[in-house]
Every structure is written in C-alpha cells, then in structure tokens.
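Accompanying notes for the structure given below.
Since the model is a prediction, treat every value here as computed from it, not as a measurement. No hydrogens, no waters, no symmetry mates; every other heavy atom, side chains included, goes into these values.
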Amino acid sequence: MADHDRIEGAAKNLGGKVKEAAGKVTGDTKLQAEGKADQVEGKVQNAVGGVKDSLRDKD
C-alpha cells in the first residue's frame, strides 16, 4: 500500500501544475510562482513517502 505522503505529494504536484498553467494563461505571475512552489512541495513529500515505503518494505 502506498504511503499517505506519496498520495498527497502527487496531488500537490498535480495541483501545482494546474495552478502554474492557469497563471500562464491569465498572465498571473504570482499564481505561476505558487504553482511551481506547490510542485516542489509535492515532489519532496512524494520522495519522503517513497523513503517511508522503502523502510517499511525492509522490515
């Protein structure tokens, strides 16, 4: 079973991509920046979840 962090991280990453695209379409640089930040946060959270999964698999 996938770790909760991986699922949330993937969702944040996807949401960030949507925000960034919306910012590009509307010309809203703040929304674009928020989208990029959300993507980074999502990738980090996904990586943390991957580590947790790896550690759980070793037990």
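- For E41, the side chain to side chain donor-acceptor pair (under 3.5 Å) criterion is met by K12, not counting sequence neighbours.
- Across every non-hydrogen atom of D5 and G49, the tightest pair is CB-CA, 3.8 Å.
- Rounding to the nearest 0.5 Å gives a distance of 7.5 Å between CD1 of I7 and NE2 of H4.
- Under the side-chain hydrogen bond (donor to acceptor under 3.5 Å, both in side chains) criterion, the residue pairs touching residues 17-31 are K19-D38, E20-Q39, with sequence neighbours excluded.
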Working for side chain to side chain contact (heavy atoms under 4.5 Å, CB included), residues D53 and R56: CA-CA 5 Å; D53 282 348; R56 187 176 317 128; 3.2 Å; yes
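- In this view, N13 satisfies the side chain to side chain donor-acceptor pair (under 3.5 Å) rule with no residue, not counting sequence neighbours.
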